[in-house]
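These notes concern the structure reproduced below.
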Amino acid sequence: MAYETIITEVNGKTGLIRLNRPKALNALNDQLMDELGAALGAFDSDDGIGCIVITGSEKAFAAGADIGAMAKFTYMDVFKGEYITRNWEQIRRVRKPVIAAVAGYALGGGCELAMMCDFIIAAETAKFGQPEIKLGTMPGAGGTQRLPRAVSKAKAMDLCLTARMMDAAEAERAGLVSRVVPADKLMEEALAAAATIASMSLPSVMMIKESINRAYETTLAEGVQFERRLFHSTFATEDQKEGMAAFVEKRAPAFKNQ
Ligand code: HXC
């Protein structure tokens, strides 16, 4: 499929998606979100891909939903779900890990998109924020829900109510991002992390993702039980036999994703 608002490429076993509306700081319009959903779905079902990276430009991961496109919508336009939010949950349906590699602005829907990814690697230039309040609206793609889970209620309230931006160092201290690297090392770091993940057994990778995500949806006792069942099920895979045999035989494992 030919995309106009994103660029996709395959780097080894990593699917790379670059948001590409540079004149609008990668503002997220419906076309971009449709294309992002399609690209994610294609990489997710491609057996040659083990991990996905979403990135933007040096200046912006994404400066939010497209304000110009949104400005004219009525309540019923958005409530019917045909615009803005229609494809935003697609990213949560992806079974393989998705890393956000963030440089520059990740604001509003851009911050929410980054938070829908499984983890965020940030350049020192990254700036995160939920400035929707300045537009007379509010976060609409999980900002008020994922941000407090990631950075605490206090910081989420602060960011969403004052619209201030948080730099990469503060975001790392708060737990929003997993690593901060110099801007010129961002893609190298993100692609290396993705390659490491893609070299592991895909059943383990997918089960770990599913299990960690379950931690946000359930009680500790239920979550531990869910984890235990998945752990048991790894013993039905060839990769568990191979991984443990390789350790015992002091050699590298050759996983078959089976
Ligand atoms: C549409 C945008 C945009 C956006 C920037 N642009 N952000 N267009 N939607 N979210 C456009 C500008 O209009 C401008 O176009 C060009 O990108 C460059 O932006 P500048 O403002 O000139 O750049 P700069 O001075 O460097 O300021 C950068 C910025 C600022 C601080 C990021 O652009 C900004 O505040 N943007 C809006 C951020 C925001 O409010 N995001 C939340 C959106 S609401 P021209 O044509 O003039 O050159 C949202 C709701 C999510 O995300 C709901 C999800 C369901």
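We count ligands from 1, going down the list as the structure has it; atoms in each ligand are counted the same way.
In terms of protein heavy atoms, atom 55 (C) of ligand 1 is closest to Thr85 CG2, 3.4 Å. Given atom 45 (P) of ligand 1, the protein heavy atom at minimum distance is Lys23 O, 4.7 Å. For atom 9 (N) of ligand 1, the closest heavy atom belonging to the protein is Ile67 N, 2.9 Å. Counting protein heavy atoms only, atom 2 (C) of ligand 1 is closest to Ala24 O, 3.8 Å. In this structure, the protein non-hydrogen atom closest to atom 27 (O) of ligand 1 is Tyr105 OH, 4.4 Å. Counting protein heavy atoms only, atom 20 (P) of ligand 1 is closest to Leu25 CD1, 4.6 Å. Shortest contact from atom 34 (C) of ligand 1 to any protein heavy atom: Leu107 CD1, 4.8 Å.
Numbered from 1 in the order shown, with element, the atoms of ligand 1 that lie under 4.0 Å from a heavy atom of Met70 read 44 (S). Interface atoms of ligand 1 facing Ala27, defined by a heavy-atom separation under 4.0 Å, are 1 (C), 4 (C), 9 (N). Near Gly109, meaning under 4.0 Å from one of its heavy atoms, ligand 1 places the atoms 49 (C), 51 (C), 52 (O). Ligand-side atoms of ligand 1 in range of Glu132: 44 (S), 49 (C), 50 (C), 51 (C), 52 (O), range being under 4.0 angstrom from any heavy atom. Shown in contact with Leu135 at under 4.0 Å from a heavy atom are these atoms of ligand 1, numbered in order with element: 40 (O), 43 (C), 44 (S). The distance from ligand 1 to the heavy atoms of Glu112 drops below 4.0 Å at these ligand atoms: 51 (C), 53 (C), 54 (C).
The residues Arg251 and Glu242 are annotated as salt-bridged, a charged nitrogen and a carboxylate oxygen being separated by less than 4.0 angstrom. Under the 4.0 Å criterion applied to side-chain N and carboxylate O atoms, Arg95 and Glu210 are assigned as salt-bridge partners. The pair Glu222-Arg214 does not count as a salt bridge, with every side-chain nitrogen at least 4.0 angstrom from each carboxylate oxygen.
With Phe61 as reference, Ile54 is the one residue of Leu25, Leu107, Ile54, Ile120 to meet the side chain to side chain contact (heavy atoms under 4.5 Å, CB included) rule.
Ring geometry, Phe79 versus Tyr75: the interplanar angle falls under 30°, so the pair is classed parallel (tilted spans 30 to 60°).
Counting heavy atoms under 4.0 Å from ligand 1, residue Ala63 touches it through both backbone and side chain. Of the heavy atoms in Ala65, both backbone and side-chain atoms come closer than 4.0 Å to ligand 1. By the criterion of a heavy-atom distance under 4.0 Å, the side chain of Ile84, and not its backbone, is placed next to ligand 1. When heavy-atom distances to ligand 1 are checked against a 4.0 Å cut-off, Leu28 has no atom that comes that close, whether in backbone or side chain.
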Intermediate values then yes/no, side-chain hydrogen bond (donor to acceptor under 3.5 Å, both in side chains), Asp77 and Thr74: CA-CA 5 Å; Asp77 286 334; Thr74 65; 3.2 Å; yes
side-chain contact (heavy atoms from CB on, under 4.5 Å) between Asn26 and Ser57, worked out: CA-CA 8 Å; Asn26 294 331; Ser57 67; 4.1 Å; yes
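For CZ of Arg92, the number of neighbouring non-hydrogen atoms (other residues, nucleotides, ligands) closer than 6.0 Å is greater than 12.
Contact between Arg21 and Ala27 at its shortest, heavy atoms only, is NH1-O, 2.8 Å. Scanning both residues, Ala39 and Ile17, for their nearest heavy atoms gives CB-CD1, 3.8 Å.
Side-chain contact between Cys51 and Lys96: absent, with no pair of heavy atoms (C-beta onward) separated by less than 4.5 Å.
Scanning Gln130, Met138, Lys59, Lys134 for the heavy atom closest to atom 24 (P) of ligand 1 points to Lys59.
For the residue pair Thr137 and Glu132, no side-chain donor N or O sits within less than 3.5 Å of a side-chain acceptor on the partner.
Within a 4.0 Å radius of atom 52 (O) of ligand 1, the protein contributes one or more non-hydrogen atoms. For atom 12 (C) of ligand 1, the protein comes within 4.0 Å by no heavy atom at all. In this structure, atom 30 (C) of ligand 1 is not in close contact with the protein, since no protein heavy atom lies within 4.0 Å of it.
Remark: the backbone N or O of Ile7 is not paired with any side-chain donor or acceptor of Asn20 at under 3.5 angstrom.
Below 3.5 Å of separation, one finds no N or O of Gly140 facing any N or O of ligand 1.
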